[in-house]
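Below is one structure; the comments refer to it alone.
In listed order, ligands and their atoms are each counted from 1.
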Amino acid sequence: MQTEDPAPMARIIFLAAVVFQFLWTAAAAFDFESACSTIAIQAASIENTTIFFADLVPAGTTLTFPDQDPSCSGTSSSQVALVDMCRVALNVTTSHRSGITMEAWLPRNWTGRFLSTGNGGLAGCIQYVDLAYTSAQGFATVGANNGHNGTGGSLFFNNPDVLADFVYRSVHTNAVVGKEIARMFYGTPHRTSYYIGCSTGGRQGFKMVQDFPQDFDGVVAGSPAVNFNDLTSWQAHFHNILGVASSPTFMTTDQWTGLVHDSILEQCDTIDGVADGIIEDPNLCDYKPEELICDSPTNRSNCLTPAQATAVRQVFSPLYNTHGELMFPRQQPGSENPAIVSSLYGGDLFAVSEDWFRFVVFNPTFNLNTLNLQDYQIAQDLNPFNIATFNGDLSSFQSRGGKVITYHGQADMLISPADTEFYYQHVSSTMGLPPSKLDDFLRFFRIGGMSHCATGPGAWEIGQTLAGASGNLTAETLDPDRNVLTTVVRWVEEGIAPDTILGTKYVNDTTSLGVEFSRRHCRYPTRNVYDRKGDSNLPSSWSCK
Ligand SMILES: *[C@@H]1O[C@H](CO)[C@@H](O)[C@H](O)[C@H]1NC(C)=O
Ligand SMILES: *[C@@H]1O[C@H](CO)[C@@H](O)[C@H](O)[C@H]1NC(C)=O
Ligand SMILES: *[C@@H]1O[C@H](CO)[C@@H](O)[C@H](O)[C@H]1NC(C)=O
Ligand SMILES: *[C@@H]1O[C@H](CO)[C@@H](O)[C@H](O)[C@H]1NC(C)=O
Ligand SMILES: *[C@@H]1O[C@H](CO)[C@@H](O)[C@H](O)[C@H]1NC(C)=O
Ligand SMILES: *[C@@H]1O[C@H](CO)[C@@H](O)[C@H](O)[C@H]1NC(C)=O
Ligand SMILES: *[C@@H]1O[C@H](CO)[C@@H](O)[C@H](O)[C@H]1NC(C)=O
């Protein structure tokens with residue numbers, strides 16, 4: 001075709017010059033070093049903030065956190081900065097008797113994306129490793145202390161404002177203030193905003209989706225602690241079932257992770273087609289602990305008493321309230337994780353439940369040994385600031401174009417993965433939408449053989465954390481087909497939604513030992529089934545049915 005432009009070449013040169021000029025101006029306009037030296041003064045103008053410091057941190061620096069509450073050291077005691085960034089620390093007043101401490105990690109090489117990280121348990125601990133992971137991917141990243149310092153819940157007592165921060169206000173405030181700091185720092189607002197968290201962090205993500213739908217364009221909510229009140233009661237109720245160590249229904253950690261776990265695998269491991277220690281869909285496992293009952297009352301080795309077998313059956317049964325309504329779905333068989341068994345089935349009340357009942361539902365002197373269904377009902381009715389996080393109407397988030405990815409390890413014993421199915425079905429019935437329609441904005445991936453947020457016998461590395469990306473950001477670990485964070489970015493920015501998430505299992509969970517197997521995790525309500533031919537270590541030997 002003949003061009004009508006008499007001087008196309010000159011025009012191209014002119015356009016190229018304009019583009020070059022624009023790029024050059026944009027680059028010149030952002031001076032990372034000077035932005036980091038002035039951000040403390042600029043950000044001080046944000047309402048209710050006090051800036052502690054703004055430090056330029058070169059890639060490779062090992063940061064330590066001496067100001068952090070010592071109980072938080074399990075979350076992060078030190079962290080290597082993976083890229084050049086400006087680290088801004090501040091607090092924000094949220095009421096006359098509460099406030100949050102937060103940090104913004106602003107990378108030199110910014111993608112225009114904003115991201116907020118979450119927390120875990122009842123903890124008021126900034127998860128520095130998540131800040132490192134996400135800032136290294138070019139997000140302007142923030143993390144907050146959830147309104148209190150330390151892992152316990154004692155500061156909730158007699159201070160509903162600290163509780164409000166924990167329930168919703170810390171994440172929301174962190175996002176609002178963080179976005180403002182990013183705008184001041186880079187001289188331009190973010191283009192897209194994201195959230196990633198697991199456990200309590202997953203609940204915080206859904207809280208924002210439910211109540212602050214404008215805060216994030218894309219949310220990754222892992223193993224979410226939704227249905228929070230009943231979750232906390234459910235975690236406590238194992239103590240009712242199993243009793244203290246001297247009780248006739250009690251079982252040792254070895255009995256749980258050996259005897260019981262092995263017999264569960266014997267009965268259920270091959271339902272998905274492969275004996276690999278992974279029960280892809282534990283809903284299909286109708287475990288019968290009675291098979292473990294000792295054949296003679298005098299032989300107590302490698303077997304259970306009838307009372308213990310009854311207790312095991314109760315552990316794997318749903319929790320109903322006094323009216324017979326479901327409070328919390330069942331623990332899933334196969335989830336008996338050696339690192340977790342003793343905190344939940346070890347003869348003491350689970351620590352989170354203990355603090356919740358002492359400092360929120362009742363008082364520090366309440367006798368927790370008598371906790372019962374009536375108390376669980378009181379907790380459910382109290383539901384402070386709607387911490388249940390069980391609102392099934394996500395239409396505001398849907399209509400503003402938001403996308404949420406949730407995932408849940410099918411071998412998670414701290415928060416039964418059946419709770420996420422319970423919530424998903426609640427969203428489906430509340431909104432009157434079948435899974436094919438929910439797929440437009442909410443996708444739920446069931447991760448076979450993943451324990452609580454990480455680890456387990458399954459292909460649990462799905463980019464959910466730095467560890468879940470092999471601790472090494474490469475084209476492979478950041479591939480959206482195998483990374484829940486980059487996949488939500490692709491969904492938001494390019495409209496490409498994930499069908500499956502490809503998980504990786506390294507030999508002995510050690511990257512240098514190489515990949516043991518990979519498996520695609522299916523989108524609920526489909527389940528993963530081995531096709532009975534081909535190498536079960538290859539993703540292509542499985543399909544979502
Ligand atoms: C919480 O810890 C931060 C340091 O991480 C400190 O600045 C702040 O004062 C602490 N807040 C409270 C209420 O102790
Ligand atoms: C600032 O703090 C006050 C309480 O001191 C609170 O009432 C107000 O909402 C806060 N402002 C913002 C923007 O958060
Ligand atoms: C924020 O920090 C300043 C300076 O340390 C302190 O005076 C103020 O009480 C803190 N505010 C909150 C809400 O923690
Ligand atoms: C900056 O990030 C982009 C991707 O967002 C990447 O392609 C580029 O290599 C990065 N540059 C540096 C200097 O790290
Ligand atoms: C005790 O019972 C278990 C389970 O039935 C059985 O495997 C074991 O051989 C028995 N031991 C003896 C000494 O009879
Ligand atoms: C990170 O991955 C790259 C590319 O696969 C590899 O060459 C490098 O050795 C890895 N680094 C670490 C610390 O594992
Ligand atoms: C597997 O990891 C454990 C704990 O990290 C270690 O003790 C063991 O030696 C490792 N085994 C192999 C085969 O590398």
Would you tell me whether [X] and [Y] have side-chain atoms, one donor and one acceptor, within less than 3.5 Å of each other?
X      : Y      : answer
Asp509 : Trp460 : yes
Asn363 : Thr365 : yes
Asn119 : Gln204 : yes

Short N or O distance, Thr94 and ligand 2, threshold 3.5 Å exclusive: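 So ligand 2 has no N or O lying under 3.5 Å from an N or O of Thr94.
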Using a 4.0 Å cutoff against the non-hydrogen atoms of [X], which atoms of ligand 3 qualify?
X     : result
Phe52 : 2 (O)
Gly99 : 13 (C)
Asn91 : 1 (C), 2 (O), 3 (C), 8 (C), 10 (C), 11 (N), 12 (C), 14 (O)

Give me the nearest non-hydrogen protein atom to [atom] as residue plus atom name, then the distance to 0.1 Å.
atom                    : answer
atom 5 (O) of ligand 6  : Thr474 CG2, 4.2 Å
atom 13 (C) of ligand 2 : Glu47 OE1, 3.4 Å
atom 10 (C) of ligand 2 : Asn48 ND2, 2.3 Å
atom 4 (C) of ligand 3  : Thr50 CG2, 3.9 Å

Less than 3.5 Å between some nitrogen or oxygen of Asn472 and one of ligand 6, yes or no?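 By distance alone, the answer is yes.
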Looking at the rings of Phe357 and Phe366, which for Trp means the six-membered one, are their centres under 6.0 Å apart?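 Judged by ring-centre distance (under 6.0 Å), Phe357 and Phe366 do not meet the cut-off.
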Which atoms of ligand 2 have any heavy atom of Thr93 under 4.0 Å away?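 The atoms of ligand 2 under 4.0 Å from a heavy atom of Thr93 are 2 (O), 5 (O).
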Between Ser470 and Tyr506, is the side chain to side chain donor-acceptor pair (under 3.5 Å) condition met? List the steps. CA-CA 9 Å; Ser470 311; Tyr506 290 90; 3.1 Å; yes
Looking at Gly99 and Asp165, what are the two nearest heavy atoms and their distance?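 Answer, listing the atom of Gly99 first, then Asp165: N-OD2, 3.6 Å.
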Return yes when at least one protein heavy atom is under 4.0 Å from atom 7 (O) of ligand 6, and no when none is.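 Under the 4.0 Å cut-off, atom 7 (O) of ligand 6 has no protein heavy-atom neighbours at all.
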Less than 4.0 Å between atom 2 (O) of ligand 6 and some protein heavy atom, yes or no?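 There is a protein heavy atom less than 4.0 Å from atom 2 (O) of ligand 6.
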Apply side chain to side chain donor-acceptor pair (under 3.5 Å) to the pair His172 and Asp215, showing each step before the final yes or no. CA-CA 7 Å; His172 174 63; Asp215 281 4; 2.6 Å; yes
Would you call the rings of Tyr168 and Phe385 parallel, tilted or perpendicular if under 30° counts as parallel and over 60° as perpendicular?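 Correct class here is tilted.
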Are Thr511 and ligand 6 in contact, using a heavy-atom cut-off of under 4.0 Å?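 Checking ligand 6 against Thr511, which is what was asked, there is no heavy-atom contact under 4.0 Å.
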Intermediate values then yes/no, side chain to side chain contact (heavy atoms under 4.5 Å, CB included), His408 and Met450: CA-CA 8 Å; His408 208 137; Met450 182 203 269; over 6 Å; no
